[in-house]
Protein chains: 2
Amino acid sequence: MTARRRLVARRHLHESVVDLIALMNLPQRDDVLLAEAGVTLDRALFTLLVGIERFQPIGVVELADRAGRDHTTVSRQVAKLAELGLVERRPSAADRRVREALITSEGRRVTDALDAARHRLTAPVFERWTDRDLFELDRLLRRYVDDLLTMRAPEDDPDA
Amino acid sequence: MTARRRLVARRHLHESVVDLIALMNLPQRDDVLLAEAGVTLDRALFTLLVGIERFQPIGVVELADRAGRDHTTVSRQVAKLAELGLVERRPSAADRRVREALITSEGRRVTDALDAARHRLTAPVFERWTDRDLFELDRLLRRYVDDLLTMRAPEDDPDA
DNA sequence: CATAACGTGTGCATCATGCACACGATTGAC
DNA sequence: GTCAATCGTGTGCATGATGCACACGTTATG
């Protein structure tokens with residue numbers, strides 16, 4: 001009966017997700033990555049920096065929603081990133097309430113260094129993966145995440 | 001050239017992972033889950049509760065390593081779980097330094113309720129998935145996580 | 001217009017976090 | 001067998017992050 005197998009697969013899948021979350025949330029993992037990239041940056045800040053790089057230009061409130069933190073907390077952290085010269089603030093042309101955050105060229109250098117470091121660190125993992133398995137994991141995980149996002153906000157999700 | 005496609009897939013895969021982490025770390029997601037399960041519990045605590053349920057019996061230091069937090073922090077949080085009657089502490093028979101943490105029947109009821117709630121909430125996502133895609137995602141994500149864990153600690157990983 | 005809703009940021013109080021440290025138990029070196 | 005080093009555990013303490021209440025200017029709504 002495949003319904004039973006599907007239940008087992010879903011439980012098993014969730015276990016893997018929990019393991020993945022735990023693994024990625026380990027502080028020492030970020031430390032290794034930052035060291036490999038030659039970057040000195042607080043962990044909370046570098047998560048935000050990546051978020052800004054991905055969704056720029058972006059306001060504080062939207063960034064806070066994506067990060068799941070209070071907007072006042074994010075406001076202060078973005079201010080720190082601006083002080084460090086990694087992020088630039090500027091008023092939005094469309095909505096003058098908004099002070100958009102954007103990556104500076106210095107900030108871009110940091111995120112590029114992080115990407116390159118991660119690529120080097122994870123290269124050994126994929127050496128033994130076939131093309132097919134890699135492409136399939138890419139496709140299926142993307143679909144999984146998109147489905148979860150869609151379920152969360154079927155109509156008002158800007159990523160949809 | 002497939003080497004190029006592999007690079008693209010790896011970048012793309014990492015994006016999906018980042019999205020997944022962000023999604024799972026949203027505080028409101030835990031709130032929804034806790035509400036659906038009818039459970040009142042702090043988020044930090046319920047993460048630990050799941051960890052204890054999975055690896056019990058487990059000491060504070062090992063649990064702290066898995067959670068990536070300081071052992072003193074975990075010690076206090078486990079004490080709270082014990083106060084709530086969700087976790088039991090007992091001296092280890094093998095090593096009298098260790099005070100093992102175990103799930104109580106009450107704690108088990110909570111984790112079961114959380115599992116059931118998550119199952120209900122995510123059921124719509126999988127309705128449109130074929131058996132093959134579901135099983136493949138299960139298999140490949142498990143392998144991905146295992147490979148990352150092995151890379152991290154090739155010889156001394158207890159999960160290996 | 002007038003009123004509500006929104007984006008942003010500051011003051012403030014609280015709580016989690018991690019370090020220094022201590023204590024009992026275990027291991028290992030000799 | 002003895003003693004020092006290591007380990008698991010937990011407490012005191014100080015720092016820092018976090019979120020709430022609030023305020024100000026801007027935009028949307030009627």
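Per chain, numbering begins at 1; letters A, B, ... match sequence-line order.
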**Student:** In Å and rounded to the nearest 0.5 Å, what is the CG to CG distance from D65(A) to D70(A)?
**Tutor:**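 Reported to 0.5 Å precision, the distance equals 10.0 Å.
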**Student:** Would you tell me if any nitrogen or oxygen in the side chain of K80(B) comes within less than 4.0 Å of OP1 or OP2 on dC15(C)?
**Tutor:**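 Indeed not, no polar side-chain atom of K80(B) lies that close.
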**Student:** Checking side-chain hydrogen bond (donor to acceptor under 3.5 Å, both in side chains) for the pair R142(B)/H12(A): CA distance, chi angles, key distance, verdict?
**Tutor:** CA-CA 8 Å; R142(B) 183 72 255 168; H12(A) 194 238; 5.0 Å; no
**Student:** May I ask you to say whether R11(B) pairs ionically with E15(B), meaning some side-chain N is under 4.0 Å from a carboxylate O?
**Tutor:** no
**Student:** Other residues, nucleotides and ligands only: do more than 12 of their heavy atoms fall within 6.0 Å of CZ on R132(B)?
**Tutor:**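 Atom CZ in R132(B) is packed in, count exceeds 12.
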**Student:** Pick out the pairs of N or O atoms, protein on one side and nucleotides 27-30 of chain D on the other, that lie under 3.5 Å.
**Tutor:**
from: dT27(D); atom 1: OP1; to: R96(A); atom 2: N; distance (Å): 2.8

**Student:** Less than 4.0 angstrom from a charged side-chain N to a carboxylate O is my criterion; do E136(B) and R139(A) meet it?
**Tutor:**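 No, this pair does not count.
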**Student:** Atom CG of D70(B) and atom P of dT15(D): how far apart are they, to the nearest Å?
**Tutor:**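 Result: 17 Å.
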**Student:** With respect to the phosphate group of dT18(D), does any side-chain polar atom (N or O) of R69(A) fall under 4.0 Å of OP1 or OP2?
**Tutor:**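 Checking R69(A) against dT18(D): at least one side-chain N or O falls below 4.0 Å of OP1 or OP2.
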**Student:** Using a strict 4.0 Å threshold on nitrogen-to-oxygen distance, state whether K80(A) and D42(A) make a salt bridge.
**Tutor:**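 Judged by the 4.0 Å cut-off on N to carboxylate O distance, K80(A) and D42(A) do not form a salt bridge.
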**Student:** In terms of the nearest nucleotide of DNA chain D, which residue is placed more toward the 5' end: G68(A) or I58(B)?
**Tutor:** I58(B)
**Student:** Looking at five pairs on each end of the helix from dC1(C)-dG30(D) to dC30(C)-dG1(D), what is the angle between the two axes, given to 10 degrees?
**Tutor:** 40°
**Student:** Rounding to a whole Å, what distance do you find between L81(A):CG and dA17(D):P?
**Tutor:** 12 Å
**Student:** With rounding to the nearest 0.5 angstrom, report the CG to OH distance, L141(B) to Y144(A).
**Tutor:** 8.0 Å
**Student:** Could you tell me whether the side chain of R99(B) and the main chain of R89(B) form a donor-acceptor pair under 3.5 Å?
**Tutor:**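 Looks like no, no N/O pair under 3.5 Å.
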**Student:** Taking the nucleotide of DNA chain C with the nearest heavy atom to each, does R43(A) or G59(A) sit closer to the 5' end?
**Tutor:** G59(A)
**Student:** Salt bridge or not for R118(B) and D115(B), using N-O below 4.0 Å?
**Tutor:** yes
**Student:** Find every protein N or O atom lying less than 3.5 Å from an N or O atom of nucleotides 9-11 of chain C, and list the pairs.
**Tutor:**
from: dG9(C); atom 1: OP1; to: R99(A); atom 2: NH1; distance (Å): 2.1
from: dG9(C); atom 1: OP2; to: S75(A); atom 2: OG; distance (Å): 3.3
from: dG9(C); atom 1: OP2; to: R89(A); atom 2: NH2; distance (Å): 3.4
from: dG9(C); atom 1: N7; to: H71(A); atom 2: NE2; distance (Å): 3.4
from: dG9(C); atom 1: O6; to: H71(A); atom 2: NE2; distance (Å): 3.2
from: dG11(C); atom 1: O6; to: R76(A); atom 2: NH2; distance (Å): 3.4

**Student:** Between L45(A) (CG) and dA17(D) (C1'), how many Å, whole number?
**Tutor:**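 Interatomic distance, CG of L45(A) to C1' of dA17(D): 11 Å.
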**Student:** Taking CZ in R128(A) as the centre, count heavy atoms belonging to other residues, nucleotides or ligands within less than 6.0 Å. Is the count above 12?
**Tutor:** no
**Student:** Tell me the interatomic distance from D42(B), atom CG, to dA16(C), atom P, rounded to whole angstroms.
**Tutor:**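 In whole Å, dA16(C) P lies 7 Å from D42(B) CG.
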**Student:** Does a side-chain N-to-carboxylate-O contact under 4.0 Å join D138(A) and R5(B)?
**Tutor:** no
**Student:** Go nucleotide by nucleotide along DNA chain D from the 5' end; which of V61(B) and P27(B) gets its closest nucleotide reached first?
**Tutor:** V61(B)
